[in-house]
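Heads up, the thing below is written out as structure tokens.
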Protein chains: 2
Amino acid sequence: MTGQAAQLPRVSPHRPPETPRLRADAQHNRDRILAVARETFATLGLDVPMAAIARRAGVGVATLYRRFPTKEALVTEAFAEQIAACVAVVDDALADPDPWRGFCSVIEKVCDMHAVDKGFTAAFLSAFPDSTVFDHQRAHAELGFVKLAQRAKDAGHLRADFAQDDLVLLLMANAGIVTQSPEAALAASRRLVAYLLQSFRADHTGPPPPLPPTTPLGLQDVFYRPKP
Amino acid sequence: MTGQAAQLPRVSPHRPPETPRLRADAQHNRDRILAVARETFATLGLDVPMAAIARRAGVGVATLYRRFPTKEALVTEAFAEQIAACVAVVDDALADPDPWRGFCSVIEKVCDMHAVDKGFTAAFLSAFPDSTVFDHQRAHAELGFVKLAQRAKDAGHLRADFAQDDLVLLLMANAGIVTQSPEAALAASRRLVAYLLQSFRADHTGPPPPLPPTTPLGLQDVFYRPKP
DNA sequence: CGAAAACCGGACGGGTCTTTCCGGTTAGTG
DNA sequence: CACTAACCGGAAAGACCCGTCCGGTTTTCG
């Protein structure tokens with residue numbers, strides 16, 4: 001290790017660390033691209049072609065690639081704030097004095113986010129397994145959730161045999177809920193989460209809480225098509 | 001409706017309904033293709049290229065397409081017997097005198113099948129939504145499951161607010177369990193099913209049954225990569 | 001205002017996947 | 001054993017998709 005420069009992304013030799021400041025129109029286009037990408041990824045998932053995003057944003061493909069050198073970079077940046085929101089959800093829950101409520105709120109909020117946003121689910125579940133951009137935040141959130149689960153267990157609300165991997169299990173199961181309409185996805189996700197939270201609970205005093213309603217839509221709507 | 005021939009798949013004008021009888025080598029190749037397709041779809045999912053299946057089967061791409069005019073046709077035929085097995089599972093369960101055990105066995109067996117076979121999951125969840133080949137069998141199985149659920153409710157074992165759509169919910173959730181190793185998928189699926197069955201149960205007498213073990217593998221292994 | 005730097009978009013290269021085409025080969029029969 | 005219909009495999013057509021190149025345009029600043 002002769003110098004730390006080798007470990008950093010290549011930047012201009014000795015000038016402002018990371019902000020060359022874009023021209024006004026370029027900045028405007030960049031913002032537009034990001035907004036469109038977020039919306040498109042949320043609706044159609046991560047598989048939309050880059051050209052589609054460029055077209056919707058009203059720019060050429062080259063402009064898109066000038067700002068985001070690769071599709072992965074675009075995805076990463078598009079979901080950065082959602083990842084941050086997830087971390088915040090965990091931190092908020094840790095601040096809640098009620099361990100069980102905190103535990104539930106994390107699961108409910110994160111699953112809601114995933115149910116509403118197809119692309120976020122894919123991005124979160126490591127659509128790009130080589131990407132290490134979010135590793136730090138994910139580790140932080142995971143650690144927070146471990147604390148949360150332990151507190152809930154100690155308080156006797158969470159069953160003792162709840163495993164850490166069960167969070168991943170739940171997230172993957174929730175990711176399986178893919179429907180045509182976002183409303184149906186949200187309703188289905190809520191119902192699944194309600195079922196699972198009931199199983200996670202250790203102390204069953206009184207009747208179980210009522211379930212969220214089933215999706216008012218037909219069964220067919222629940223089936224999805226991978227290649228629209 | 002002048003003639004029923006228009007509704008049937010095109011067959012030779014007035015000869016055995018559907019069996020032009022292949023030449024020996026052709027039949028051999030066809031069987032081989034089907035076997036390879038089943039194994040490959042199970043391991044890698046439905047996204048494997050047709051050329052890969054042809055190569056593994058030791059035939060050319062054209063031979064593959066000569067027997068199965070489209071990829072969908074190959075998938076359909078490859079999973080026909082699994083679909084039939086699913087239907088049989090429901091019928092078996094209806095023969096079980098214990099309503100709750102029958103209800104559980106359907107869910108457990110079907111989820112096991114899906115956990116072990118990536119491609120089956122995708123095919124089952126209408127990867128080809130326009131295909132109507134399995135509609136009849138699916139309808140039969142669904143009807144059987146409705147009966148099963150009703151019996152379990154009447155016996156007081158299944159919660160009254162269990163909805164028909166909850167089966168689809170569970171299947172989709174189970175489809176979300178995608179891992180690198182089949183063993184991990186099976187373990188995770190079993191655990192998810194155990195959690196959900198516990199929530200589905202109405203009468204909680206005594207302690208809940210123990211959960212299947214968590215996957216012995218690390219967390220990373222649970223995360224999957226869509227494009228290997 | 002005018003010139004340079006930054007920016008723009010369409011066309012293009014390289015890759016993958018499904019499906020088709022065509023000349024050579026083989027199984028089965030009289 | 002010879003002939004023909006059925007069969008075979010590789011090459012290629014057509015459709016996408018990611019990422020790059022290049023000639024023209026716009027912003028910005030002295």
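Quick note: numbers below take in every heavy atom, side chains included, and nothing from hydrogens, waters or symmetry partners.
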Listed by chain and number, what are the side-chain hydrogen bond (donor to acceptor under 3.5 Å, both in side chains) partners of B:R67, not counting sequence neighbours?
none
Among B:R38, B:K71, B:R30, whose salt bridge (Lys or Arg N to Asp or Glu O under 4.0 Å) with B:E77 holds?
B:R30
May I ask you to verify if any side-chain N or O of B:T70 is less than 4.0 angstrom from the OP1 or OP2 atom of C:dT18?
no
Nearest whole Å is fine: how far is D:dC16 C1' from A:L44 CG?
16 Å
May I have the distance from A:K71 (atom NZ) to D:dC17 (atom P), rounded to whole angstrom?
9 Å
Quickly work out the B:R23 CZ to D:dC3 C1' distance and round it to whole Å.
13 Å
Has A:R30 got a side-chain N or O lying under 4.0 Å from the OP1 or OP2 atom of C:dA6?
no
Describe the nucleic acid contact of A:R55 in one word from base, sugar-phosphate, nothing, applying a heavy-atom distance below 4.0 Å.
nothing
Taking the six-membered ring for Trp, is the centroid-to-centroid distance between A:Y195 and B:Y195 below 6.0 Å?
no
Distance criterion of 3.5 Å, no angle test: do you see the side chain of A:R66 paired donor-to-acceptor with the base of C:dG9?
yes
For A:A26 and for B:V48, locate the closest nucleotide of DNA chain C by heavy-atom distance; then report the residue assigned to the nucleotide nearer the 5' terminus.
A:A26
In whole Å, I'd like the distance from the OH atom of A:Y65 to the P atom of C:dA6.
24 Å
By the 4.0 Å heavy-atom rule, please label B:V59 as base, sugar-phosphate, or nothing.
sugar-phosphate
Within less than 4.0 Å of OP1 or OP2 of D:dC7, is there a side-chain N or O belonging to B:N29?
no
Aromatic contact between B:F134 and B:F124, with the criterion being ring centroids under 6.0 Å apart: yes or no?
no
